[in-house]
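Report on the following structure.
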Amino acid sequence: MLRIEGLTKRYRTGDLALEGVDLEVPAGQVMGLIGPSGAGKSTLIRCINRLVEPSAGRVFLGGAEVTGLGRAQLRAMRRRMGMIFQEFALVERLTVMENVLSGRLGYVPFWRSLSRRFPPEDVTKAYRTLDRVGLIDHVDKRADALSGGQRQRVGIARALVQDPDILLIDEPTASLDPKTSRQIMRLIGEICSERGLAAIVNIHDVGLAQMFLQRIVGLRHGKVVFDGPAEALKPDVLTQIYGEEDWTRSIRDDEEDGDAARADRKHGDHAAEPERERLAGLT
Amino acid sequence: MTAITTAYPATWRRPPFIADGRLRWALIAGAVAYFVLAIGGLEINWVRIGEGLERGWRFVAAFARPDFLSRWDDIALGMQESLTMALTSTAVGILLSVPIGIGAARNLVPRPVYLVCRAIVAGARSFQEIIIAIFFVAMVGFGPFAGFLTLSLSTIGFLGKLLAEDIEDIDEAQAEAIRATGGSWLQLVNYGIQPQVMPRLIGLSLYRLDINFRESAVVGIVGAGGIGATLNTALDRYEFDSAAAILLLIIAIVMLCEYGSSLVRRRIQ
Amino acid sequence: MPVAHAADGRVAWRRRTPRQDLLRWFGWFLLVALTVFCWQVMTQDTIWSFVADAPTQAADIGQRMVPPRWEYMDRLWWPLWDTINIATLGTALAVVLGVPVAFLAARNTTPSATFVRPLALLVIVSSRSINALIWALLLVTILGPGVLAGIVAIALRSIGFVAKLLYEAIEEIDQAQVEAVTATGASPAQVMDYAMVPQILPAFAGITVFRWDINIRESSVVGLVGAGGLGLQLESSLNVLAWPQVSLILLVVLATVLLSEWVSAKVRHAII
């Protein structure tokens, strides 16, 4: 389904975010991408749909090459890749329905999207998807009136109405509390298996990753250092991914910097919980 | 699956901004009616505009070759008046607006003082500079002194209001801490208030200097001195190249002011 | 920490080093000297006997101004309508012209940061540097006296204001939302419509109403140079020293300004 060959990204600042990444995701597989902050997880995902332009290497989706496409072709290609974001990235001041329908933007001409007159089958599809993610009663609410979990469901619905072949999911649970995180991960897993969708999930939380994903890829300093089934994720492997000296502490450090920490601060009371879950997932 | 599909609606309309349909249509109709009336009522003399466009083009062209020299003496005098007027009125305005601003802050002074200072601020702000300038010209005669008085007064209105609002918005805990040490009222202002509002006061003062320069170009139109008078004369005589030179000078000085004040502000903050 | 050593060897705390102190005092001294110098240059031609006479003059004018000549109101309704139109149509025109300038000036939407952006910024600073009254002066020369000159003058002055505040708002939008809509395969126009416009709409509405409020004040004086509205009446009353009429006009201006302030506060409240 998705094939990545020798993907390299060097930012203008000189930082080498990805270095010769080779990866293949077969149809229907949900793959987890783990690694310390700054390992290049987000960059990798954004290089696939070229929100970040790769410096070298090639990306194929279903046999077609994504890298090297012209603007119009790239837009058509992006329709086939649904993206879900860590801070949801909903357009806060638009209604839930508009946010979901924005997933159809690549399919409709400008005047239709401007007048909000989407084709009937698109609207039906949006309603059906909203029902699937459990938000059928919130259609006309503004996105900023929803809770975190509900917002992420809108984000998922927006990606799904694109009729994608693959989902690119960037830290879907980083801004959520542990319970909602599990619900969202479960929903993603269910939907992918219902539709036979492939997915790449960037995830900070090793425990969650093991719980819901079949295959895990570990990224460190922009290179793939681990690729195997979730069960193979043993302490020595984590050492390899997260740091040589003392991986037990690196997991706690991991929580203190980066996205997980931001989420924890948001949900003050639950701060301790993800750690417990994560440690539970490790043993 | 098809059975479920039919259950979902095939159309969706965005909920309107104003939920009440009648009110919405009344507002739209009212707005349309207003614009039709207002635009329809415009008396446009196309012949005059035709002549004007040619003149307008000459004016635009004058920007390509502004004439600084032939009226240089007038321009230099006007600029000198404008600049001196702007600086002195800002200085005097700041000196007077500090006590008035403190007096107009509800959390610092007794009620009668507050009311008096508020009234001064409101009075200074109620009219356009140009109207105030007319009165000062009538009172002290033509020349930059009338402009100076005008700009000082509006500086008091501007800084006094913003300073008072700043003081009312300060972190009470810091003022409370100074009160708790048994400091006097002056010590309270010096240690509890001043550090909190000083950076913004300096920023606002610089901004006001910039405004005062721009305004000093205007008060000249009614005889209160400054570059405005020179500009007015140049335009009356259709000397577009001199007018263009004056406008370019104004723009350059304003840009310089903005750049300078952004530098200073970055240093304070 | 800067400290001073007294003769007997005791140490005293100082906020700044003596050098810093000296520099600071020198800076203040320069500023004061400059101000005094400017004062002297400015007042060299001032006739102080006139200034000394000012309170009597003020009292005299004040006396002549009351009571206002109320029946003159009949001739103020049209100029009042004109004043409101100048402000409203001028603001509308400024918005129409200012919005594209704002998008050209914002770092994240400009087509070219090296060529177009500086040009847009130049438009903004030129428009902002020149007061509406000076624009009016110019336009009366070019277009002839009348309401149209007033509208265009107000619009030209407001473009910079609207564009400056709006481009700052555009630069502050949440880029993640833009990224998310881009990732769906939307075209640039659609990204603008779905990701940017919703984010800047509140700022846009606030800026427009704010500027309209300011423009009501400005449009009441552009008539002084012939650009229509209440200022025209003010000018002719001043020319014949009809102080009771002047006071009535000022009252009308004041009432309009207060009303517009109230309206704009209401509207802003409703939007945000």
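In what follows, chains carry the letters A, B, and so on, assigned in the order in which the sequence lines appear, proteins first and then strands, with residues in each chain numbered from 1. For clarity, every value in this text was computed on a predicted model and none was experimentally measured. Note that these values count all heavy atoms, side chains included, but never hydrogens, waters or copies made by symmetry.
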Residue-level contacts of residues 75-84 of chain B with chain C, using a heavy-atom cutoff under 4.5 Å: Q80(B), T84(B)

Kindly compute the distance separating CZ (F145(B)) from CD (Q44(C)), expressed to the nearest 0.5 Å. 14.0 Å

Lys/Arg-Asp/Glu bridge criterion (N-O < 4.0 Å) met for R128(C), E258(B): yes

Proximity breakdown for L224(C) and chain B, heavy-atom pairs closer than 4.5 Å: side chain

Does Q57(C) reach the side chain of F136(B), with side-chain heavy atoms less than 4.5 Å apart? no

Rounded distance [0.5 Å steps], CG in L87(B) versus CG in L31(C): 7.0 Å

What closest approach, in Å, do S129(C) and I250(B) show between heavy atoms, and which atom pair accounts for it? O-CG2, 3.9 Å

May I ask you to test the V221(C)-F127(B) pair for a side-chain heavy-atom distance under 4.5 Å? no

With a 4.5 angstrom heavy-atom cut-off, could you sort out which part of L235(B) is near chain C: side chain, backbone, both or neither? both

Which residues in residues 130-149 of chain C have any heavy atom lying under 4.5 Å from a heavy atom of chain B? I130(C), N131(C), L133(C), I134(C), L137(C), L138(C), V140(C), T141(C), I142(C), L143(C), G144(C), V147(C), L148(C)

Is it the side chain or the backbone of L234(C) that comes within 4.5 Å of chain B heavy atoms, both, or neither? side chain

Closest heavy-atom pair and its distance - T35(C), T88(B): O-CG2, 3.6 Å

Counting only non-hydrogen atoms closer than 4.5 Å, does Q40(C) touch chain B with its backbone (N, CA, C, O), its side chain (CB onward), both, or neither? neither

Which atom names give the shortest non-hydrogen contact between Q128(B) and R217(C), and what distance separates them? NE2-CB, 3.3 Å

Contacting moiety of V36(C), where chain B heavy atoms sit under 4.5 Å: neither

When only heavy atoms count and the cut-off is under 4.5 Å, which of residues 29-40 of chain B reach chain C? Y34(B), F35(B), L37(B), A38(B), I39(B)

L122(C), V225(C), T88(C): which one forms the most heavy-atom pairs within less than 4.5 Å of chain B? T88(C)

Is the CZ atom of R64(C) crowded by more than 12 outside heavy atoms at less than 6.0 Å? no

Counting heavy-atom pairs under 4.5 Å with chain C, which one of G225(B), P144(B), G50(B), A91(B) comes out on top? P144(B)

For residues 207-219 of chain B against chain C, heavy atoms under 4.5 Å, the residues are R214(B), E215(B), A217(B), V218(B)

Side chain / backbone / both / neither for Y238(B) at chain C, heavy atoms under 4.5 Å: side chain

What is the distance from atom CG of D60(C) to atom CE of M139(B), rounded to the nearest 0.5 Å? 11.5 Å

